Amino acid sequence: MDNYVKIISQVSLFQDFTVDELGGLLKCLSIEVKEYNKGDVIFRQGDIINVLGIVIEGGINLQKCDYYGNNVILTTLCAKDIFGESYAGSRMPIPIEVVANQKSKVAFVDYDKVIQPCSKMCYNHNHIVTRMIELLATKNILLTTKIDTLSKRTTREKILDFLANESVRHHSREFTIPFNRQGLADYLVVDRSALSAELSKLKQAGIIDFHRDCFKILKGS
């Protein structure tokens, strides 16, 4: 575990602690690191989980399979991102699948040991409960943002709303998105061909410019 302390110290849930403080805190938590290959399923739809995950290396997709067997990517996570905390807290079957999108390492933390203060009632452990509440609030905002994007009527409106949100998130008109074309199509719940065609139209109109996953907003639509 000592090999991963530096990475975990950069995770939002633990970033208020020094490496030394975190080393002591991790002794209170049951943490297990597992390795996955691309395409491996970490959690299946319907699982009941009691752990939250931290991506140490690689990346994962949170996705859902619809009635017709099509996978819809809800979000993509990379190193230092956390997942599963809402489902671990609810103790309800998860409505999604968690899948490695490349060779990855994931640290799993017992949710109960995160939210329940240790017997010593140490400050570090109490503080992490506050951080967990903040994390859940942030995730709720991000989910609301995505719902708003998907509520747009056309593919063009979805694209522009998504790119506008990414621009705000990166504090720049130039940014890199965490999706390839198929991933973006799945995230926006649109046909890939329609997505590519609309991106080309937006580029020709001088509204955006892009190369692969790098985008630049040139002007308002």
Side-chain angles (χ1 to χ4, degrees), residues 12 36 38-45 47 52-55 57-87 94-104 106 135-203 207-218 221:
S12 58
Y36 298 92
K38 182 178 181 179
D40 284 351
V41 178
I42 300 171
F43 293 133
R44 297 187 181 278
Q45 185 172 337
D47 285 349
L52 59 89
I54 300 172
V55 183
E57 296 178 9
I60 64 173
N61 290 339
L62 306 187
Q63 61 189 46
K64 189 166 186 177
C65 185
D66 65 17
Y67 177 80
Y68 300 100
N70 300 310
N71 282 323
V72 177
I73 297 177
L74 304 177
T75 190
T76 294
L77 305 179
C78 56
K80 299 181 286 187
D81 284 334
I82 296 179
F83 64 95
E85 66 282 357
S86 296
Y87 303 119
I94 62 174
I96 62 170
E97 280 196 340
V98 181
V99 181
N101 59 32
Q102 57 186 290
K103 189 172 183 178
S104 306
V106 178
L135 176 64
L136 290 171
T138 300
K139 289 287 185 73
N140 184 59
I141 292 172
L142 293 176
L143 177 60
T144 301
T145 299
K146 178 171 183 178
I147 291 173
D148 183 57
T149 297
L150 295 185
S151 71
K152 306 305 179 188
R153 292 180 177 274
T154 67
T155 298
R156 179 189 182 98
E157 290 175 339
K158 289 182 178 181
I159 293 171
L160 291 175
D161 193 69
F162 168 77
L163 294 178
N165 289 331
E166 287 295 293
S167 177
V168 171
R169 188 167 71 88
H170 286 86
H171 304 288
S172 174
R173 283 179 169 264
E174 295 186 57
F175 49 86
T176 299
I177 67 172
F179 302 113
N180 58 22
R181 288 295 175 271
Q182 185 60 58
L184 181 57
D186 291 341
Y187 180 84
L188 296 177
V189 197
V190 298
D191 179 76
R192 178 176 176 173
S193 297
L195 171 71
S196 297
E198 197 59 57
L199 286 173
S200 295
K201 291 178 182 177
L202 290 167
K203 186 173 184 177
I207 296 173
I208 64 172
D209 192 15
F210 59 86
H211 177 67
R212 295 184 178 178
D213 59 350
C214 298
F215 282 77
K216 181 178 183 179
I217 297 178
L218 303 176
S221 57

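Computed from a prediction, not measured in an experiment: that's the story for all the values here. Here, residue 1 is the first one in the sequence, and each next residue gets the next number.
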| What do the steps show when you test Val106 against Phe83 for side chain to side chain contact (heavy atoms under 4.5 Å, CB included), and what is the final call? | CA-CA 10 Å; Val106 178; Phe83 64 95; 3.7 Å; yes
| field | Asp40 side, atom CG; Ile60 side, atom CD1 - distance, nearest 0.5 Å | value | 12.5 Å
| Taking all non-hydrogen atoms of both residues, which atom of Leu52 and which atom of Ile82 are closest, and how far apart? | CD1-CG2, 4.0 Å
| message | I'd like to know whether Phe162 forms a ring-ring contact (aromatic ring centres under 6.0 Å, His included) with Tyr187, so could you lay out the CA-CA distance, the side-chain angles of the two residues, the decisive distance to 0.1 Å, and finally the verdict. | response | CA-CA 10 Å; Phe162 168 77; Tyr187 180 84; 5.5 Å; yes
| request: Please round to the nearest 0.5 Å and tell me the distance separating atom OG1 of Thr149 and atom CG of Leu163. | output: 9.5 Å
| query | Would one find more than 12 heavy atoms of other residues, nucleotides or ligands at under 6.0 Å from atom CZ of Arg181? | reply | yes
| field | Reported CZ-to-CG distance for the pair Arg156 and Leu199, which is rounded to 0.5 angstrom | value | 10.5 Å
| note | Shortest non-hydrogen pair, Val41 vs Tyr36, comes out as O-CE2, 4.5 Å
| note | dist Ser86:OG -> Ile94:CD1 (nearest 0.5 Å) comes out at 11.5 Å
| Would Gln45 and Ile96 count as a side chain to side chain contact (heavy atoms under 4.5 Å, CB included) if you check the C-alpha gap in whole Å, the side-chain angles of each, and the deciding distance to 0.1 Å? | CA-CA 5 Å; Gln45 185 172 337; Ile96 62 170; over 6 Å; no
| request: Locate the shortest heavy-atom distance separating Asp148 from Ser151; write the atom from each residue and the value. | output: O-OG, 2.5 Å
| Nearest-0.5 Å distance that lies between atom NZ in Lys158 and atom NZ in Lys146 | 10.0 Å
| Verdict with supporting geometry, Val99 and Gln63, side chain to side chain contact (heavy atoms under 4.5 Å, CB included) | CA-CA 8 Å; Val99 181; Gln63 61 189 46; 3.7 Å; yes
| Minimum heavy-atom distance between Ile217 and Ser167, given as atom pair plus value | CD1-CB, 3.8 Å
| query | When the ring planes of Phe175 and His170 are compared, do they come out parallel, tilted or perpendicular, using 30° and 60° as the limits? | reply | parallel
| Donor-acceptor pair, Arg169 side chain versus Ala164 backbone, under 3.5 Å? | no
| query | Take atom NZ in Lys216; do more than 12 heavy atoms of anything else shown fall under 6.0 Å from it? | reply | no
| task | Would you give the length of the straight line joining atom CG of Asn61 to atom CD of Glu97, rounded to the nearest 0.5 angstrom? | result | 11.0 Å
| Under 4.5 Å between any side-chain heavy atoms of Ile207 and Leu160, yes or no? | yes
| message | Please give me the minimum heavy-atom distance between Tyr87 and Pro95, naming the atom from each residue. | response | CE2-CD, 3.4 Å
| query | What's the shortest heavy-atom distance between Thr155 and Ala194, and which atoms? | reply | CG2-O, 4.3 Å
| Under a 4.5 Å cut-off applied to non-hydrogen side-chain atoms, are Leu184 and Asp213 in contact? | no
